[in-house]
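Every chain is numbered from 1 and lettered A, B, ... according to where its sequence line falls, protein lines coming before strand lines.
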Amino acid sequence: MALDENIYKLRLDKLKQIEALGQRVYPTKYEFTRTIQQVLAEHSQKTAEQLEASRVNVRMAGRIMAIRLMGKAGFAHLQQDGQRLQIYVKKDAVGEKGFELYKLLDLGDHIGVSGYLFRTRTGELTVHVEEITFLSKGLLPLPEKWHGLTDVELRYRQRYVDLFMNPEVREVFLKRAKLVQSMRNFLDGRGFVEVETPMMQPIAGGAVAKPFITHHNTLDIDLYLRIAPELYLKRLTVGGFDRVYEINRNFRNEGISTRHNPEFTMLEFYQAYTDYRGVMDLTQALIIQAAQDVTGGMKTKWGEQEIDWSDANWRRMTMREAIIEYWPDSAGAKPSLADFASHDSVKALVQQFNSAHSHMAYDPNEPAGRTIASLFEAVAEEHLTQPTIIYEFPTAVSPLSKQKADEPDWTERWEIYIGQMEISNGFSELNDPEDQRRRFEQQLKERERGDEEAHQMDEDYIRALSYGMPPAGGVGVGIDRLTMLLTNSQSIRDVILFPLLRPEKRSDNDETSKENR
RNA sequence: GGGCGCGUAGCUCAAUUGGCAGAGCAACUGACUCUUAAUCAGUAGGUUGUAGGUUCGAUUCCUACCGCGCUCACCA
């Protein structure tokens, strides 16, 4: 028999004894007068004398995270909302039954207590308990009280334990909530309307990615989990929502890494009558505001590095300028703008880079624009720690963006890089249905060439554009990655409450299944 | 998917060259009415991820598989 099963049964027995003391074992509610956080906020500054002079009665609830019994008295620490407060339980004060109950309590139990505040000899603010109410039992043993829960696999699989054992984990997710709130405030304050668009789509559009496929039984059709909400949000700009946003969960059937989870969250917003420059400025302001709201300042740690989010520290350069600027010395002479103009000169750049530097994957049949984008990632991305806006992307990798008027091979598109990660992506939205049809057809050719991620034809989207979509700028912001940066989390799994893991194996073996209870 | 690494008690970790699998916390029993990693005395808890192999003998060496981490590829 496994040990934790022994404990489980022992604690079930204790539960019976607790019931015998006249307590409900799983009561439905407990009315408290103060949260632990409030008690700490209101009384942390008070001296022992002040507390004695004006007796402060409290009634509060929490989970037992530490307990010390000393004969006919004892202490415990209750935790609520990540905050802890000590309680003092004396037999004289709680009575025979009350003390019997205290002795039956275990780490992890939830209780309610009423009593008054005082300071112990060592000065710690403590509740002198007069009544204990049993609220819920922890039947499984808690992790080690000093080292806590450190095994990453257990932390992800049993996030519920991770959250109450590790206050810094709780803090990360509170910051994530603040980030989303900050973004909502920012956009709501500028007249944006929050909407919800389909997560199950007949055509997985709006991005370049492999989708998940699911099936609807009644309609007997396959549907894709959305890889992006983009095309639906743009339909809404056709419909007259000039400023819309969606905080959207997207699903991409691709690799899992410290920067990729199969489902992830983006903010996507569209503003009519502006272009990529307009939304560039807006997004920069939104991110700066978010950094301020989440961290209270403009500087954050990112591993060994420091990120300065303040406006003056942001840089802007074109993709071509970035490749030139970060071209490694070992790869010889820096490229010139003319080198990006033809397929052959781009090919020569790749050969020059690969001969001297680390190898970069290269398919000579792909359009030059794709190669340039890959070259940018290989050459520049690792250098982009401070907030940097890279603009003017190749048309070949931007099927939904408007081309530059003077350079049709380039689009009015940008991405924001912070901490070596792509954080945001925005552009002047392509609203010419004829052009859009040609881009889709180009994507179909890519698909035939073997690129299964290339965009599918979306006739309804082209029809929507044919009714007239206003000129608009649109943006996506990666919320998971922005949370990583703002909380100095090196893995995306540390900012997603329940990251995707391979399911635990459930054997038919009785022992194992019980252990997994 | 490839490469590298890890997997020992509920948790955190030990175990010399291949030689009796251990500690702390948690748990249980007892003492203790201001402790706070409480203290003191005692007790119990293990198919060393799984399945094979080598060996007189495997936590240790080998193979496969499972899970996780890092990394590369793909991608945001």
Asks: Please state whether the base of B/U35 and the side chain of A/Glu124 form at least one donor-acceptor pair under 3.5 Å?
Replies: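 Check fails, no donor-acceptor contact within cut-off.
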Asks: Closer than 4.0 angstrom, basic N to acidic O: yes or no for A/Glu448 and A/Lys445?
Replies: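 No.
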Asks: Are any non-hydrogen side-chain atoms of A/Leu187 and A/Glu194 less than 4.5 angstrom apart?
Replies: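 Sidechains of A/Glu194 and A/Leu187: no contact.
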Asks: Between A/His147 (NE2) and B/A14 (C1'), how many Å, whole number?
Replies: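 Checked: the NE2 to C1' distance equals 13 Å.
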Asks: If I pick the P atom on B/U8 and the same atom on B/G46, what distance separates them, to the nearest angstrom?
Replies: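 These two P atoms come out 16 Å apart once rounded.
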Asks: Just by distance, no angles: are the side chains of A/Asn57 and A/Arg55 close enough, under 3.5 Å, to form a donor-acceptor pair?
Replies: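 Checked: A/Asn57/A/Arg55 side chains pair up, N/O donor to acceptor below 3.5 Å.
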Asks: Hey, is A/Arg370 close enough to A/Glu446 for a salt bridge, meaning N to O under 4.0 Å?
Replies: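 Yes, charged N to carboxylate O under 4.0 Å.
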Asks: Please report, rounded to the nearest Å, how far the C1' atom of B/A27 is from the CG atom of A/Leu12.
Replies: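 Going from A/Leu12 (CG) to B/A27 (C1'), I get 15 Å.
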Asks: What is the distance, rounded to the nearest whole Å, between atom CZ of A/Arg68 and atom P of B/C25?
Replies: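 Checked: the CZ to P distance equals 15 Å.
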Asks: To the nearest 0.5 Å, how far apart are OG1 in A/Thr388 and CE in A/Met317?
Replies: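 The CE atom of A/Met317 is 5.5 Å from OG1 of A/Thr388, to the nearest 0.5 Å.
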Asks: Would you please enumerate the stems RNA chain B participates in, each stem being three or more consecutive Watson-Crick or G-U wobble pairs with both distances under 3.5 Å?
Replies: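 Stems found: B:1-7 with B:66-72, B:10-13 with B:22-25, B:27-31 with B:39-43, B:49-53 with B:61-65.
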Asks: If you apply the rule ring pair (Phe, Tyr, Trp, His ring centres under 6.0 Å), what do you find for A/Phe376 with A/Tyr417, and how did you get there?
Replies: CA-CA 12 Å; A/Phe376 161 74; A/Tyr417 285 82; 5.4 Å; yes
Asks: A/Phe427 and A/Tyr276: ring pair (Phe, Tyr, Trp, His ring centres under 6.0 Å), yes or no, with the steps?
Replies: CA-CA 5 Å; A/Phe427 38 88; A/Tyr276 76 128; 9.8 Å; no
Asks: Taking N or O atoms only and anything under 3.5 Å, show me the protein contacts with nucleotides 28-30 of chain B, one pair per line.
Replies:
residue : atom : partner : partner atom : Å
B/C28   : OP1  : A/Lys14 : NZ           : 2.5

Asks: Looking at CG of A/Asn261 and OG of A/Ser491, how far apart are the two atoms once the value is rounded to the nearest 0.5 Å?
Replies: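 Rounded to the nearest 0.5 Å, the CG-OG separation comes out at 9.0 Å.
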Asks: Judged by each residue's nearest nucleotide on RNA chain B, which is more toward the 5′ side, A/Tyr156 or A/Gly74?
Replies: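 Checking each residue's closest nucleotide, the 5'-ward one belongs to A/Gly74.
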Asks: Indicate, with a heavy-atom threshold strictly under 4.0 Å, whether A/Asn425 touches base, sugar-phosphate, or nothing.
Replies: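 Touches nothing.
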Asks: Could you state the atom-to-atom distance from CD1 of A/Ile7 to P of B/A27 in whole Å?
Replies: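 Taking CD1 of A/Ile7 and P of B/A27, I get 8 Å after rounding.
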Asks: Rounding to an integer number of angstrom, what distance separates B/C68 and B/C62 when you compare their C1' atoms?
Replies: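 Straight-line distance between the two C1' atoms is 23 Å.
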Asks: Would you measure the distance from the C1' atom in B/C40 across to the matching atom in B/C20 and give it in whole Å?
Replies: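 Between the two C1' atoms, the distance is 31 Å.
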Asks: Please pick, from B/C32, B/G67, B/C74, the nucleotide with the shortest atom-to-atom distance to any side-chain atom of A/Glu453.
Replies: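 That would be B/C74.
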Asks: Please report the distance separating the C1' of B/A44 from the corresponding atom of B/C25, rounded so that it comes out in whole Å.
Replies: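 One C1' to the other, the span is 15 Å.
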Asks: Closest approach to the side chain of A/Leu154, judged atom by atom: which nucleotide of B/C34, B/G67, B/C11 is it?
Replies: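 Among the listed nucleotides, the one closest to the side chain of A/Leu154 is B/C11.
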Asks: Determine the Euclidean distance between corresponding C1' atoms of B/U17 and B/C13; express it in Å to zero decimal places.
Replies: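 Per the computed distance, 23 Å lies between those C1' atoms.
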Asks: Round to the nearest Å and state the distance from A/Gln158 atom CD to B/C68 atom C1'.
Replies: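 Atom-to-atom, A/Gln158 to B/C68, this comes out as 14 Å.
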Asks: Hey, are A/Arg413 and A/Asn425 close enough side-chain-wise for a donor-acceptor pair under 3.5 Å?
Replies: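 Yes, side-chain donor-acceptor contact under 3.5 Å.
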Asks: Are A/Glu429 and A/Lys402 close enough for a salt bridge, meaning some N to O gap below 4.0 Å?
Replies: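 A/Lys402 and A/Glu429: not salt-bridged.
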Asks: By nearest atom, which of the nucleotides B/U33, B/U35, B/A76 is closest to the A/Tyr88 side chain?
Replies: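 Ranking B/U33, B/U35, B/A76 by closest atom to the A/Tyr88 side chain puts B/U33 first.
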Asks: Measure CG/A/Leu139 against C1'/B/A26 and give the value in whole Å, please.
Replies: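 Result: 15 Å.
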Asks: Whole angstrom is fine here: how far is it from CZ in A/Arg157 over to C1' in B/G49?
Replies: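 Taking atom C1' of B/G49 as the reference, CZ of A/Arg157 is at 12 Å.
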Asks: Is a donor from one side chain sitting under 3.5 angstrom from an acceptor on the other, for A/Tyr156 and A/Asp494?
Replies: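 Yes, A/Asp494 and A/Tyr156 have a side-chain donor paired with an acceptor closer than 3.5 Å.
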Asks: In whole Å, measure the gap between the C1' atoms of B/A27 and B/G10 for me.
Replies: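 Per the computed distance, 9 Å lies between those C1' atoms.
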Asks: Tell me which residues in residues 482-502 of chain A lie within less than 4.0 Å of RNA chain B, going by non-hydrogen atoms.
Replies: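 Residues of residues 482-502 of chain A that come under 4.0 Å of RNA chain B are, in numerical order, A/Arg493, A/Leu501, A/Arg502.
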Asks: Would you verify whether the NZ or CZ of A/Arg63 falls within 45 degrees of the ring axis of A/Phe164 while also being under 6.0 Å from that six-membered ring's centre?
Replies: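 Yes - A/Arg63 lies over the ring of A/Phe164, closer than 6.0 Å to its centre and within 45° of its axis.
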Asks: Determine the interatomic distance between P on B/U63 and the same-named atom on B/C6; round to the nearest Å.
Replies: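 Straight-line distance between the two P atoms is 13 Å.
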Asks: Does A/Thr150 make a side-chain donor-acceptor contact with the base of B/U12, cut-off 3.5 Å?
Replies: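 In this structure, the two groups form no donor-acceptor pair.
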Asks: Tell me whether A/Asp162 is salt-bridged to A/Arg170, with the criterion being a basic N under 4.0 Å from an acidic carboxylate O.
Replies: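 Looking at A/Asp162 and A/Arg170, the cut-off is not met.
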Asks: Under 5.5 Å centre to centre and under 30° between planes: does that hold for A/Trp146 and the six-membered base ring of B/G24?
Replies: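 No, A/Trp146 does not stack on the base of B/G24, since the centre distance and plane angle fail the 5.5 Å and 30° test.
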Asks: Can you work out whether A/Ala207 or A/Thr258 has the more 5'-proximal nearest nucleotide on RNA chain B?
Replies: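 Mapping each residue to its closest nucleotide by heavy atoms, the 5'-most match is A/Thr258.
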Asks: Between B/A27, B/U35, B/G67, which one does the side chain of A/Leu107 approach most closely?
Replies: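 Closest nucleotide to the A/Leu107 side chain: B/A27.
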Asks: So if I take every side-chain heavy atom of A/Glu144 and compare against B/C68, B/U71, B/U12, which nucleotide ends up nearest?
Replies: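 So the nucleotide nearest the side chain must be B/U12.
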Asks: Classify the nucleic acid contact of A/Lys90 as base, sugar-phosphate or nothing, counting any heavy atom under 4.0 Å across all strands shown.
Replies: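 Base contact.
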Asks: Under 4.0 Å, counting only non-hydrogen atoms across every strand here, what does A/Tyr417 touch: a base, just sugar-phosphate, or nothing?
Replies: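 Contact class for A/Tyr417: none.
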Asks: For the residue pair A/Tyr88 and A/His128, does the interplanar ring angle fall in the parallel (under 30°), tilted (30 to 60°) or perpendicular (over 60°) class?
Replies: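 The rings of A/Tyr88 and A/His128 stand perpendicular, inter-plane angle above 60°.
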Asks: Using a cut-off of 4.0 Å on non-hydrogen atoms, how would the nucleic acid contact of A/Asn261 be classed: base, sugar-phosphate, or nothing?
Replies: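 Base: the residue A/Asn261, judged by heavy atoms under 4.0 Å, touches a nucleobase.
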Asks: Could you measure between the two P atoms, the one in B/C74 and the one in B/C66, and give it in whole Å?
Replies: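 25 Å, rounded to whole Å.
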Asks: Checking all strands, does A/Gly255 fall into the base, sugar-phosphate, or nothing category for heavy-atom contacts under 4.0 angstrom?
Replies: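 Result for A/Gly255 = base.
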Asks: For the pair made of CZ in A/Arg259 and C1' in B/C72, what is the distance, rounded to whole Å?
Replies: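 The distance from CZ of A/Arg259 to C1' of B/C72 comes to 13 Å, rounded to the nearest Å.
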